Amino acid sequence: MEFDKIKICIVGAGAIGGYLGAKLALAGEAVTVIARGSHLEAIQKNGLKLLMADGSSQIAIPTLATNDIQSAGTQDVVILTVKAHSVPAIAPLLPALYNAQTMVVTAQNGVPWWYFRQHGGEHEGTQKMG
């Protein structure tokens, strides 16, 4: 039995997004990556290079690599891997990726140590949680 490929969009193809995108593309899924600048150019030219702990490497070629969220079309899964402070700027663009069944997974990093400084909530001044 053959299954349709899952359409997965990685929004923010840096370290975390690039790794997830590479692994998913190597597993045979239809992966779109949203990136920008020289990183996008490198992905478009060479694909996503995954360096393994043993020194070997694998190259994954995404279905699409672009900086234009609107051009990606609707997706089955959207994995948001941009740094937390970048979310407000891209949030209004994300609905272009959604249909009624789209799942959104957030994999944020980049919550800085100073995030709760002058926050006013119960975590006011917290520099380390957990």
Side-chain angles (χ1 to χ4, degrees):
M1 176 183 290
E2 188 172 318
F3 294 95
D4 291 335
K5 291 182 179 184
I6 298 173
K7 290 174 56 179
I8 302 170
C9 184
I10 307 291
V11 180
I16 292 172
Y19 176 79
L20 292 172
K23 293 298 273 185
L24 290 164
L26 289 167
E29 302 304 344
V31 176
T32 293
V33 295
I34 307 296
R36 59 184 180 188
S38 61
H39 197 160
L40 172 61
E41 291 174 22
I43 294 168
Q44 289 172 327
K45 183 178 177 183
N46 304 310
L48 293 162
K49 185 174 185 178
L50 184 59
L51 302 174
M52 309 305 287
D54 66 2
S56 65
S57 64
Q58 295 178 293
I59 303 293
I61 306 300
T63 303
L64 175 66
T66 182
N67 64 355
D68 179 16
I69 290 174
Q70 304 287 328
S71 71
T74 59
Q75 305 288 314
D76 299 312
V77 179
V78 174
I79 304 176
L80 190 60
T81 58
V82 296
K83 288 192 174 22
H85 67 271
S86 299
V87 173
I90 64 162
L93 305 173
L94 295 175
L97 300 172
Y98 305 158
N99 64 45
Q101 302 299 316
T102 300
M103 292 180 283
V104 178
V105 178
T106 60
Q108 258 69 59
N109 68 359
V111 177
W113 65 268
W114 47 260
Y115 183 80
F116 291 110
R117 182 173 182 270
Q118 298 179 349
H119 183 264
E122 68 178 284
H123 300 294
E124 173 76 38
T126 300
Q127 292 186 19
K128 183 177 179 185
M129 297 190 75

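Here the structure is a predicted model, which is why all the values come from computation and not from measurement. We count residues from 1, following the sequence as given.
Of the possible donor and acceptor atoms, none in the side chain of His39 sits under 3.5 Å from a partner among the backbone N and O of Gly14. For the pair Ser57 (side chain) and Lys49 (backbone), a donor-acceptor distance under 3.5 Å is absent. Counting only distance, with no hydrogens or angles, the side chain of Glu29 and the backbone of Ile6 share a donor-acceptor pair below 3.5 Å. In this structure, the side chain of Thr81 engages the main chain of Gly12 through a donor-acceptor pair within 3.5 Å.
Looking at Asn67, Asp68, Ile69 one by one, the single match for side-chain contact (heavy atoms from CB on, under 4.5 Å) with Ser71 turns out to be Asp68.
Scanning both residues, Gly47 and Ile59, for their nearest heavy atoms gives CA-CG2, 4.5 Å. Of all heavy-atom pairs between Leu64 and Ala72, the closest is CD2-CA, 4.0 Å. Leu48 and Gly21 make their closest contact through CD1-C, 4.0 Å (heavy atoms, listed as atom of the first residue, atom of the second, distance). Of all non-hydrogen atoms in Pro88 and Pro92, the two that sit nearest each other are O-CD, 3.4 Å. Nearest heavy-atom pair across Tyr98 and Val104 is CE2-CG2, 3.6 Å. When all heavy atoms are compared, the tightest approach of Thr74 to Lys7 is O-NZ, 2.8 Å.
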**Message:** Could you walk me through whether Thr32 and Gln75 satisfy the side chain to side chain contact (heavy atoms under 4.5 Å, CB included) test, starting with their C-alpha distance in whole Å, then the side-chain angles of each, then the deciding distance to 0.1 Å, before giving a yes or no?
**Reply:** CA-CA 9 Å; Thr32 293; Gln75 305 288 314; 4.2 Å; yes
**Asked** Can you list the steps and then say if Thr102 with Leu97 is a side chain to side chain contact (heavy atoms under 4.5 Å, CB included)?
**Response** CA-CA 8 Å; Thr102 300; Leu97 300 172; 5.8 Å; no
**Worked check of side chain to side chain contact (heavy atoms under 4.5 Å, CB included) between Gln70 and Leu93** = CA-CA 7 Å; Gln70 304 287 328; Leu93 305 173; 3.9 Å; yes
**Evaluation steps, side chain to side chain contact (heavy atoms under 4.5 Å, CB included), between Val78 and Val105** = CA-CA 6 Å; Val78 174; Val105 178; over 6 Å; no
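Clustering ILVMFWY residues whenever any of their side-chain heavy atoms sit less than 4.5 angstrom apart, transitively, puts Val33 in the very cluster that holds Ile79. Residues Leu80 and Leu24 do not share a hydrophobic cluster, defined by chaining ILVMFWY side chains whose heavy atoms lie under 4.5 Å apart. Hydrophobic clustering, with ILVMFWY side chains joined whenever heavy atoms are under 4.5 angstrom apart, groups Leu94 together with Val87. A continuous path of ILVMFWY side-chain contacts below 4.5 Å connects Val77 to Ile16, so both sit in one hydrophobic cluster. In the hydrophobic clustering of this structure, Ile90 does not group with Ile10; members are Ile, Leu, Val, Met, Phe, Trp, Tyr whose side-chain heavy atoms approach within less than 4.5 Å, directly or through other members.
The shortest distance between side-chain heavy atoms of Leu40 and Ser38 does not fall below 4.5 Å.
Atom CD of Gln101 has 12 or fewer heavy atoms from other residues, nucleotides or ligands within 6.0 Å.
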